[in-house]
*Asks:* 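Could you have a look at this structure, given as structure tokens, before my questions?
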Amino acid sequence: MGHSSVGDPPDAARGLRAVRPDGTPVYRYRQRPGRPAVSVTRFDPEASRASLPPAHRHAHDFLVLIHVEEGAGAFTVDGVERPLRAGEVYAVSPGQVIGVAVAAELARGRAWAVAFIPDAVPALSSVSPLAWAHHPLLALFASGTGHGRIAEPDRATWSAWLADLAGELADPDRVGAREAVGALLTRLLVASARLAPDAAATPDPLVERVFTEIDATFREPVSAADIARTIGYTPGHLTTVVRRRTGRPLLEWLTERRMIEVRRMLRETDLPLDVVAARTGLRDATYLVRRFRERYGITPQRWRRSQRTWS
């Protein structure tokens with residue numbers, strides 16, 4: 001079976017967002033207007049290398065769920081080796097660093113990869129990213145988890161779900177495509193969550209304090225430095241600690257929380273951009289537009305229209 005990709009293929013869906021101090025590039029999800037924020041890619045030995053993930057150490061700001069049909073070798077996530085074996089499911093969270101071998105290893109096996117941002121999942125579209133670690137649909141993405149194993153009798157069902165999702169994404173203008181994409185992706189997340197260990201990861205007290213402070217203040221014009229000082233740390237030290245423990249720096253979490261609320265307001269209200277900016281801790285409409293385009297590769301006005309068109 002040859003390689004195929006549906007929705008936004010990997011090379012089109014990714015855009016370089018930033019480069020960390022250690023040189024690790026961070027890729028963003030580049031959403032297309034009027035299309036769901038999800039893409040499905042099928043990998044096999046005949047895959048075009050141009051469509052594979054970057055063959056270098058990298059991270060991304062979207063979620064990825066990988067289902068291995070036939071495995072060969074291993075890849076690394078945050079320095080931990082993950083074997084690619086048949087029946088394994090891997091959840092890669094935003095900010096986690098993927099090892100350099102992942103592209104070559106995926107090409108040697110057969111696997112599906114689903115890349116998405118929470119807007120594609122109805123139950124997650126307005127959920128704070130600070131609460132992702134505790135959301136039942138994202139149990140496999142929780143810190144300390146990251147993978148599960150599908151029982152052999154259920155593997156064909158997983159492949160069928162992914163093929164159905166790819167089919168809906170191939171014709172996104174079909175009646176009911178949006179609802180079908182959301183339902184199928186939710187079904188995959190439910191199934192992946194059921195593969196997660198029953199014991200939840202112990203919350204990190206400092207990270208919990210940081211997230212609580214962000215949730216309480218993101219609507220105000222506070223900075224990452226303000227949050228650090230409130231908690232009693234220097235901005236540089238807290239940024240380093242938060243990045244090490246969560247995979248993302250403090251400012252990124254603050255910005256992500258604001259962008260979730262911006263998207264909710266664009267989707268659910270007709271408020272002008274200057275009001276949206278004022279209610280999400282951003283300076284003004286101009287600054288909101290710039291940050292939104294940097295984050296999603298689209299203006300907030302076009303994003304709002306695409307959501308209304310697809311509703």
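The structure displayed is predicted, hence computed values, not measured ones.
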*Asks:* If only atom types and distance count, is the side chain of Ser93 paired as donor or acceptor with the main-chain N or O of Phe141 below 3.5 Å?
*Replies:* yes
*Asks:* With sequence neighbours left out, what residues match Ser223 under side chain to side chain contact (heavy atoms under 4.5 Å, CB included)?
*Replies:* Ala225, Asp226
*Asks:* List the steps and the verdict of salt bridge (Lys or Arg N to Asp or Glu O under 4.0 Å) for Arg57 and Asp22.
*Replies:* CA-CA 11 Å; Arg57 176 183 167 91; Asp22 65 359; 3.7 Å; yes
*Asks:* Distance from Leu238 atom CG to Leu206 atom CG, nearest 0.5 Å?
*Replies:* 6.0 Å
*Asks:* Can you check salt bridge (Lys or Arg N to Asp or Glu O under 4.0 Å) on Arg85 and Glu69, steps first, answer last?
*Replies:* CA-CA 8 Å; Arg85 295 189 298 249; Glu69 292 179 324; over 6 Å; no
*Asks:* Would you say Tyr27 and Asp61 make side-chain contact, with heavy atoms under 4.5 Å?
*Replies:* no
*Asks:* When rounded to the nearest 0.5 angstrom, what distance separates CZ in Arg248 from CD in Gln96?
*Replies:* 11.0 Å
*Asks:* Let's go through Leu273 and Val289 carefully: what are the C-alpha distance in whole Å and the side-chain angles of both, what is the deciding distance for side chain to side chain contact (heavy atoms under 4.5 Å, CB included) to 0.1 Å, and is it a yes or a no?
*Replies:* CA-CA 8 Å; Leu273 293 186; Val289 171; 3.8 Å; yes
*Asks:* Main chain of Arg302, side chain of Thr299: is a donor-acceptor contact present, judged purely on distance under 3.5 Å?
*Replies:* yes
*Asks:* If you round to the nearest 0.5 Å, how far is CG of Leu165 from CZ of Phe116?
*Replies:* 10.5 Å
*Asks:* Is there a side chain to side chain contact (heavy atoms under 4.5 Å, CB included) between Leu65 and Leu185? Walk through the geometry before answering.
*Replies:* CA-CA 10 Å; Leu65 194 65; Leu185 185 52; 5.9 Å; no
*Asks:* In terms of the angle between their ring planes, are Tyr29 and Phe62 parallel, tilted or perpendicular, with boundaries placed at 30° and 60°?
*Replies:* perpendicular
*Asks:* Please determine whether ring pair (Phe, Tyr, Trp, His ring centres under 6.0 Å) holds for the pair His67 and Trp112, giving the CA-CA distance in whole Å, both sets of side-chain angles, and the decisive distance to 0.1 Å.
*Replies:* CA-CA 5 Å; His67 165 44; Trp112 293 88; 8.1 Å; no
*Asks:* Any salt bridge between Glu294 and Arg28, counting N to O under 4.0 Å?
*Replies:* no
*Asks:* Would you call Arg258 and Glu261 a salt bridge, using N to O less than 4.0 angstrom?
*Replies:* no
*Asks:* Does a donor on one side chain sit under 3.5 Å from an acceptor on the other, for Thr246 and Trp253?
*Replies:* yes
*Asks:* Name each donor-acceptor pair under 3.5 Å that joins a side chain in residues 207-216 to protein atoms two or more places apart or in another chain, with its distance.
*Replies:*
{"residue": "Glu208", "atom": "OE2", "partner": "His134", "partner atom": "NE2", "Å": "3.3"}
{"residue": "Arg209", "atom": "NH2", "partner": "Ile231", "partner atom": "O", "Å": "3.0"}
{"residue": "Thr212", "atom": "OG1", "partner": "Glu208", "partner atom": "O", "Å": "2.8"}
{"residue": "Asp215", "atom": "OD1", "partner": "Arg257", "partner atom": "NE", "Å": "2.6"}

*Asks:* Rounded at 0.5 Å granularity, tell me how far OG in Ser128 sits from CZ in Arg264.
*Replies:* 12.5 Å
*Asks:* If you count heavy atoms of other groups shown closer than 6.0 angstrom to CD of Glu152, is the number above 12?
*Replies:* no
*Asks:* Write down the atom of Pro122, the atom of Ala120, and the distance for their closest heavy-atom approach.
*Replies:* CD-O, 3.7 Å
*Asks:* Sequence neighbours excluded and cut-off under 3.5 Å, please list the side-chain donor-acceptor pairs for residues 189-197, or say none.
*Replies:*
{"residue": "Ser192", "atom": "OG", "partner": "Leu188", "partner atom": "O", "Å": "3.3"}
{"residue": "Ser192", "atom": "OG", "partner": "Leu189", "partner atom": "O", "Å": "2.9"}

*Asks:* Given the ring of Tyr287, does Arg283 sit roughly above its face, with NZ or CZ under 6.0 Å from the centre of the six-membered ring and within 45° of the axis?
*Replies:* yes
*Asks:* Taking only residues two or more places apart in sequence, or in another chain, which ones meet Arg279 in a salt bridge (charged side-chain N to carboxylate O under 4.0 Å, His left out)?
*Replies:* none
*Asks:* Do Leu63 and Pro118 have side-chain heavy atoms sitting under 4.5 Å apart?
*Replies:* yes
*Asks:* Between Arg110 and Glu70, does any side-chain N to carboxylate O distance fall below 4.0 Å?
*Replies:* yes
*Asks:* According to salt bridge (charged side-chain N to carboxylate O under 4.0 Å, His left out), who are the partners of Arg219, at least two apart in sequence or on a separate chain?
*Replies:* none
*Asks:* What heavy-atom pair brings Leu254 and Ala224 nearest, and what distance separates the two atoms?
*Replies:* CD2-N, 3.9 Å
*Asks:* How would you list, by chain and number, every residue that makes a ring-ring contact (aromatic ring centres under 6.0 Å, His included) with Tyr296, sequence neighbours excluded?
*Replies:* Phe292
*Asks:* Please report the closest heavy-atom contact between Glu88 and Gly148, naming both atoms and the distance.
*Replies:* OE1-O, 3.1 Å
*Asks:* Verify, without hydrogens or angle tests, whether Thr239 (side chain) and Gly236 (backbone) share a donor-acceptor contact under 3.5 angstrom.
*Replies:* no
*Asks:* Kindly determine whether Val38 and Leu169 satisfy side chain to side chain contact (heavy atoms under 4.5 Å, CB included), including the steps that lead there.
*Replies:* CA-CA 8 Å; Val38 55; Leu169 289 167; 3.6 Å; yes
*Asks:* Less than 4.5 Å apart, any side-chain heavy atom of His60 and any of Val92?
*Replies:* yes
*Asks:* Using side-chain heavy atoms (C-beta onward) and a distance below 4.5 Å, is Thr76 in contact with Val80?
*Replies:* no
*Asks:* Can you tell me how far apart CG (Leu124) and CG (Leu138) are? Round to the nearest 0.5 Å.
*Replies:* 5.0 Å
*Asks:* Any ion pair linking Glu168 and Arg178 (charged N to carboxylate O, less than 4.0 Å)?
*Replies:* no
*Asks:* Answer yes or no: does atom CZ of Arg149 have more than 12 heavy-atom neighbours from other residues, nucleotides or ligands under 6.0 Å?
*Replies:* yes
*Asks:* Just wondering, do Pro300 and Leu288 contact through their side chains at under 4.5 Å, heavy atoms?
*Replies:* yes
*Asks:* Go through the steps for Trp158 and Val89 under the test side chain to side chain contact (heavy atoms under 4.5 Å, CB included), then give the verdict.
*Replies:* CA-CA 10 Å; Trp158 270 75; Val89 177; 3.9 Å; yes
*Asks:* Any chain of hydrophobic side-chain contacts (each under 4.5 Å) joining Ile260 to Leu137?
*Replies:* no
*Asks:* Between Arg267 and Asp119, does any side-chain N to carboxylate O distance fall below 4.0 Å?
*Replies:* yes
*Asks:* Carefully, step by step, assess Glu256 and Arg295 under the rule salt bridge (Lys or Arg N to Asp or Glu O under 4.0 Å).
*Replies:* CA-CA 9 Å; Glu256 187 71 28; Arg295 177 67 178 79; 2.9 Å; yes
*Asks:* If the threshold is 4.0 Å, N to carboxylate O, is there a salt bridge linking Asp270 and Arg304?
*Replies:* no
*Asks:* Please determine whether residues Val275 and Leu282 belong to a single hydrophobic cluster, defined as Ile, Leu, Val, Met, Phe, Trp and Tyr linked transitively by side-chain heavy-atom distances below 4.5 Å.
*Replies:* yes
*Asks:* Roughly how far, to the nearest 0.5 Å, is OG1 of Thr280 from CE of Met259?
*Replies:* 6.0 Å
*Asks:* If two hydrophobic side chains count as joined below 4.5 Å and joins carry through other members, does Val97 share a cluster with Leu250?
*Replies:* no
